[in-house]
Asks: 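Sharing a structure with you now.
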Amino acid sequence: MTSLDGALADRLKRTADGLVPAIVQQHDTGEVLMLAWMDDEALHRTLTTGRATYWSRSRQEYWVKGETSGNPQQVKEVRLDCDGDTLLVKVDQVGVACHTGARTCFDDGLIDG
């Protein structure tokens, strides 16, 4: 059982597996860093510790950004979108955000139309 505030928990619209996508943004520049997933417990941990905590769909476990990479995210604010189905996590990113070593997960993703 999570300790997430009931009013907040009631507002969340989760996927079938109980997750909410979290868009992660550098708080002062607006740079979009990455997309991760949170369940109620990950969101609770993020809000109470100030350290970005996510749910790994591949490993089926919680992970705190930067614990192993040395590139932590200090959470400045968390917002819920108007539909209640996406979180915006504004952070102060230390070092790189992407597991590839790039500053953001979107550095190599330009799609030409």
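Atoms considered below: every heavy atom in the structure, side chains included; atoms not considered: hydrogens, waters and symmetry mates.
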Asks: Kindly say whether V89 contributes a backbone atom to a donor-acceptor pair with the side chain of Q25 at under 3.5 angstrom?
Replies: no
Asks: I'd like to know if the side chain of S69 and the backbone of E67 have a donor-acceptor N/O pair within less than 3.5 Å.
Replies: no
Asks: With a 4.5 Å limit on heavy-atom distance, are the side chains of L47 and L4 in contact?
Replies: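 The answer is yes; the side chains approach within 4.5 Å.
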Asks: For R51, I'd like to know if atom CZ has over 12 heavy atoms of other residues, nucleotides or ligands within 6.0 Å.
Replies: no
Asks: To the nearest 0.5 angstrom, please state how far the CG atom of D108 sits from the OG1 atom of T100.
Replies: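 Going from the CG atom of D108 to the OG1 atom of T100 covers 7.0 Å.
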Asks: Decide side-chain contact (heavy atoms from CB on, under 4.5 Å) for M34 and Q73; before the verdict, give the C-alpha distance in whole Å, the side-chain angles of both, and the deciding distance to 0.1 Å.
Replies: CA-CA 11 Å; M34 56 185 270; Q73 294 174 343; 3.3 Å; yes
Asks: May I have all residue pairs that pass salt bridge (Lys or Arg N to Asp or Glu O under 4.0 Å) and include part of residues 54-66, sequence neighbours excluded?
Replies: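 The answer is R59-E61.
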Asks: Roughly how far apart are D83 CG and L80 CG, rounded to 0.5 Å?
Replies: 9.0 Å
Asks: Work out which heavy atom in V96 is nearest to a heavy atom in A102; give both atom names and the distance.
Replies: CB-O, 3.2 Å
Asks: Would you please name every residue forming a ring pair (Phe, Tyr, Trp, His ring centres under 6.0 Å) with W55, sequence neighbours left out?
Replies: Y62
Asks: Determine yes or no for a side-chain-to-main-chain donor-acceptor pair under 3.5 angstrom, with T46 supplying the side chain and T53 the backbone.
Replies: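 Looks like yes, one N/O pair under 3.5 Å.
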Asks: Once you round to the nearest 0.5 Å, how far does CE of M38 lie from CG of L12?
Replies: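 Output value for this atom pair is 10.5 Å.
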Asks: For V78 and L88, run side-chain contact (heavy atoms from CB on, under 4.5 Å): C-alpha distance rounded to whole Å, both residues' side-chain angles, the deciding distance at 0.1 Å, then the answer.
Replies: CA-CA 6 Å; V78 179; L88 176 62; over 6 Å; no
Asks: Has D17 got more than 12 heavy atoms of other residues, nucleotides or ligands less than 6.0 Å from its CG?
Replies: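 For D17, atom CG is crowded (more than 12 foreign heavy atoms under 6.0 Å).
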Asks: Does the side chain of V20 come within less than 4.5 Å of T15's, by heavy atoms?
Replies: no
Asks: To the nearest 0.5 Å, what is the distance between OG1 (T104) and CG (L35)?
Replies: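 Here the rounded value is 12.0 Å.
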Asks: Under the salt bridge (Lys or Arg N to Asp or Glu O under 4.0 Å) definition, can you give me all pairs with a residue in residues 84-100, not counting sequence neighbours?
Replies: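 Residue pairs passing salt bridge (Lys or Arg N to Asp or Glu O under 4.0 Å), neighbours aside: E77-K90.
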Asks: What I'd like to find out is whether the side chain of I23 reaches to under 4.5 Å of the side chain of L87, using heavy atoms alone.
Replies: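 No; the side chains remain at least 4.5 Å from each other.
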Asks: Go through the side-chain N and O atoms of Q93 and Q26 and say whether any donor and acceptor fall under 3.5 Å apart.
Replies: no
Asks: For Y54 and V24: C-alpha separation, side-chain torsions, deciding distance, then whether side-chain contact (heavy atoms from CB on, under 4.5 Å) applies.
Replies: CA-CA 11 Å; Y54 306 108; V24 185; 3.3 Å; yes
Asks: What's the shortest heavy-atom distance between L33 and A97, and which atoms?
Replies: CB-CB, 3.8 Å
Asks: CZ of R11 to CG of D81: how many Å apart, nearest 0.5 Å?
Replies: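 Nearest 0.5 Å value for the CZ-CG distance: 9.5 Å.
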Asks: Would you give the length of the straight line joining atom CZ of R14 to atom CH2 of W37, rounded to the nearest 0.5 angstrom?
Replies: 13.5 Å
